Each structure stands twice: as C-alpha cells, then as structure tokens.
Amino acid sequence: MGRISDMCRSVGRFFSSVGELSRWSIRAVLQEDFVNHIPREPREKPLRVLGNGPSLKGALDRMKDSAYDYFMVNDAPLSPSFFDIRPRYLALADEFYFMPEAHEMADACSRIDWDLTLFIPYQYRKTAAELYGKNPHVLVCPWHNNSLEEAFSFRRMAFRLFRRGLSCPVAQNIMIAAIYCGINSGYQEIQLFGTEHSWLQDLVINDKNEVCLIDRHYYDEGKPRIIPWTKVDDVTIWRLPDLLHTLAKAFESYHQLQAYADWLGDVHIYNYTPGSMIDAFPRKSL
C-alpha cells in the first residue's frame with residue numbers, strides 16, 4: 001500500500017510539474033522578452049546581502065569593508081547607513097515602490113552619488129526608469145520573476161532557466177530576489193546578514209482576530225510596532241492559513257536557491273545572521 005501511495009504522489013508531482021512549466025511558458029510568451037538583463041561577470045569579492053532585520057544594527061560597523069561588495073534591499077535608502085555603506089546593489093520588488101506616490105524612495109535614490117545597480121521585477125521596468133533612472137549613477141536592471149514553483153520534477157531544466165535569467169524560485173520576499181540576482185551576477189560567495197525571518201515568533205493575533213506582526217528593523221528607533229499584517233495592497237489583512245502558506249513558500253525558495261548553487265558547483269551561500277529561521281544555508285559568524 002505504501003508503494004502505491006508513493007507512486008501516486010510521484011505521478012501527481014510529475015503532472016504538477018508539467019502544468020507549472022506550461023503556465024511558465026504562457027507567461028513568458030505573453031509578458032517577457034526572453035532576454036537575460038542581469039550582467040554576469042567574474043567577481044573577485046564576496047557579496048554581502050544585507051536584510052533589514054534588527055541584528056544588522058550590531059554589525060553595521062563591519063559593513064564598510066572594501067574587501068566586499070554590498071547589496072541592500074527595500075527601505076534601506078531611507079536610512080543614513082545606506083549612504084555610509086554605499087552598496088553596489090539595491091533591490092526593490094513590492095508594487096508600491098513603483099507607484100507615482102513613491103516620492104520618498106525616489107528622492108532618496110536621486111541622492112545616490114556612486115554607481116549602483118537597481119534590480120527590479122521586469123514588469124516594473126518602465127515606471128522604475130521614470131522614478132529612479134533619471135539619476136545617471138543608477139542603472140535600472142530588470143529581472144524576470146516568472147517563477148517555477150512546482151516544476152522540480154524537471155530540476156535541471158528549471159536550473160538552466162534560472163541560469164539564463166528567464167525564471168527563478170518564487171520570490172516571496174526581497175531576500176530571495178537579492179540572492180538570486182547575486183548568484184546570476186557571477187558571485188561565488190554570498191554572505192547573508194540581517195535575515196532573522198523570525199515571523200513565526202513575531203506573529204500576533206489581536207482581539208479582533210486580525211493577524212499582526214511585531215515589525216522589527218535595524219533602523220527602528222524606539223519600541224517595535226505591532227501592525228496588522230497586510231498583503232501587497234497594504235489594505236487586505238492576511239488570513240492565518242494563507243499567510244502560513246506563503247511563508248512556507250519563502251522558506252522552500254531558500255532551499256531551491258541552495259540546490260541551484262549546488263547545481264552550479266562554484267557558488268557558496270552562508271548565513272551570518274544569529275538566530276535566523278532560514279535552515280537552507282550553512283551558518284557562519286563574524
């Protein structure tokens with residue numbers, strides 16, 4: 001009976017993979033340009049990818065070492081430390097960064113006076129060019145976030161698409177996108193900081209049965225806020241089962257990134273974040 005169940009699951013995974021590849025193909029034909037926009041070059045320095053978790057605050061004084069390249073994400077340009085570190089890369093992904101109302105982020109990026117590559121999802125390339133591309137120091141670089149979620153019955157095919165910049169793991173959060181862009185930029189060693197991902201520990205259900213988050217960042221001043229956990233529209237509050245499903249996707253994507261690095265054979269990802277919930281990468285400490 002067990003063998004029959006295993007066989008049924010394998011058949012189910014196979015057909016799920018076929019369906020996922022079909023959906024990927026349709027999205028690619030209708031929405032993508034089949035061009036890898038991420039410049040891949042030999043990189044002599046390791047890449048430090050800095051999340052916005054609170055542990056980064058204690059490591060900021062070590063993030064100005066010229067022996068490394070730096071990659072920051074999301075609201076980092078709104079912090080003075082961004083202009084101290086002067087990262088080589090920045091990634092933005094959420095829709096609100098590409099709305100006309102994103103004046104604060106656009107103003108911050110207009111003050112960048114060193115060469116920086118801004119990675120953005122392909123579908124936002126036009127609005128990103130208008131908001132951020134006017135600064136000659138900022139190179140807007142789109143990446144294809146046409147993900148393959150269930151196609152790992154065809155793992156080698158999926159990794160070849162990753163390598164060509166035509167697909168990626170599900171970028172459920174910005175760190176997944178940053179690591180993927182770092183790998184495809186040619187870095188052989190990627191170090192992660194400020195990636196606690198302690199969402200399960202920071203989950204709160206309030207008296208209204210609303211899913212809330214203790215919102216912690218390295219640039220916070222004062223006590224962290226407890227805020228309703230909303231979707232991308234910044235209005236709709238997550239239902240707990242739906243939220244847990246998306247979190248599971250995020251942690252699975254990290255495992256896919258590690259498998260992709262193993263497939264490439266010359267890429268190593270290390271997590272330097274104390275207490276991180278990510279279980280996909282080897283851990284190190286400064």
Side-chain angles (χ1 to χ4, degrees), residues 43-94 97 102 104-120 132 135 137-139 173-183 185 187-199 201-202 213-227 250 254 257 268-286:
R43 310 288 181 178
E44 296 180 359
K45 299 179 181 181
L47 178 66
R48 287 182 164 178
V49 182
L50 310 184
N52 292 331
S55 67
L56 182 63
K57 190 170 186 177
L60 280 176
D61 59 342
R62 305 188 191 186
M63 296 298 132
K64 300 176 186 179
D65 190 334
S66 61
Y68 302 89
D69 287 335
Y70 292 90
F71 195 136
M72 300 183 79
V73 298
N74 282 352
D75 283 350
L78 306 183
S79 168
S81 60
F82 179 85
F83 291 90
D84 290 336
I85 295 171
R86 299 168 67 89
R88 183 168 182 172
Y89 305 100
L90 172 67
L92 303 175
D94 289 334
Y97 290 121
E104 189 176 14
M105 181 61 70
D107 290 344
C109 289
S110 71
R111 294 188 284 112
I112 293 171
D113 59 0
W114 66 93
D115 291 341
L116 175 141
T117 298
L118 172 60
F119 288 109
I120 53 95
Y132 308 112
N135 183 340
H137 291 288
V138 176
L139 172 64
N173 64 59
I174 194 63
M175 290 300 292
I176 296 166
I179 296 168
Y180 168 79
C181 290
I183 293 173
S185 293
Y187 287 94
Q188 293 182 312
E189 181 175 333
I190 297 175
Q191 303 176 357
L192 310 181
F193 295 84
T195 57
E196 280 88 339
H197 285 14
S198 55
W199 303 305
Q201 299 170 0
D202 293 338
L213 174 69
I214 303 174
D215 197 31
R216 308 176 194 267
H217 306 92
Y218 77 91
Y219 45 74
D220 290 337
E221 297 180 3
K223 188 176 180 180
R225 300 178 301 154
I226 298 178
I227 60 174
Y254 287 120
L257 284 169
H268 304 279
I269 307 168
Y270 300 109
N271 191 354
Y272 281 75
T273 308
S276 174
M277 295 289 288
I278 300 173
D279 65 342
F281 310 123
R283 295 174 184 250
K284 287 191 174 185
S285 57
L286 288 175

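As the structure is a prediction and not an experimental result, all values here were calculated from the model. In what follows, every heavy atom counts, from backbone to side chain, and hydrogens, waters and symmetry copies are set aside.
Note that CZ of Phe82 and CZ of Arg111 are 9.5 Å apart. Values are rounded to the nearest 0.5 Å. For the atom pair Ile85 CD1 and Ser79 OG, the distance stands at 8.0 Å (nearest 0.5 Å). Separation of atoms CG (Asn74) and CG (Asp94) is listed at 5.5 Å; rounding is to 0.5 Å. Rounding to the nearest 0.5 angstrom, the gap separating the CD1 atom in Ile269 from the CD1 atom in Ile179 is 5.5 Å.
Donor-acceptor pairing under 3.5 Å is lacking for the side chains of Ser55 and Thr273. Side-chain atoms of Asp65 and Tyr70 include no donor-acceptor pair closer than 3.5 Å.
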Fill in: Working for side chain to side chain contact (heavy atoms under 4.5 Å, CB included), residues Phe193 and Arg62
CA-CA 11 Å; Phe193 295 84; Arg62 305 188 191 186; over 6 Å; no
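Arg48 contributes no side-chain N or O that, together with a main-chain N or O of Met63, makes up a donor-acceptor pair within less than 3.5 Å. Side chain of Trp114 to backbone of Arg88: no donor-acceptor contact under 3.5 angstrom is found. Although no hydrogens or angles enter the test, the distance criterion places no donor-acceptor pair under 3.5 Å between the side chain of Asp107 and the main chain of Ser110. Side chain of Arg43 to backbone of Gly182: no donor-acceptor contact under 3.5 angstrom is found. Here the side chain of Asn135 pairs a donor or acceptor atom with the backbone of Cys109 at under 3.5 angstrom.
Classification of the Tyr270-Tyr272 ring pair by plane angle, with boundaries at 30° and 60°, yields perpendicular. Using cut-offs of 30° and 60° for the angle between ring planes, the Tyr187 and Tyr89 rings count as perpendicular.
With respect to the salt-bridge test (charged N to carboxylate O, under 4.0 angstrom), the residues Asp202 and Arg216 qualify.
Asn271 and Ser276 get closest at one heavy-atom pair: ND2-OG, 3.0 Å.
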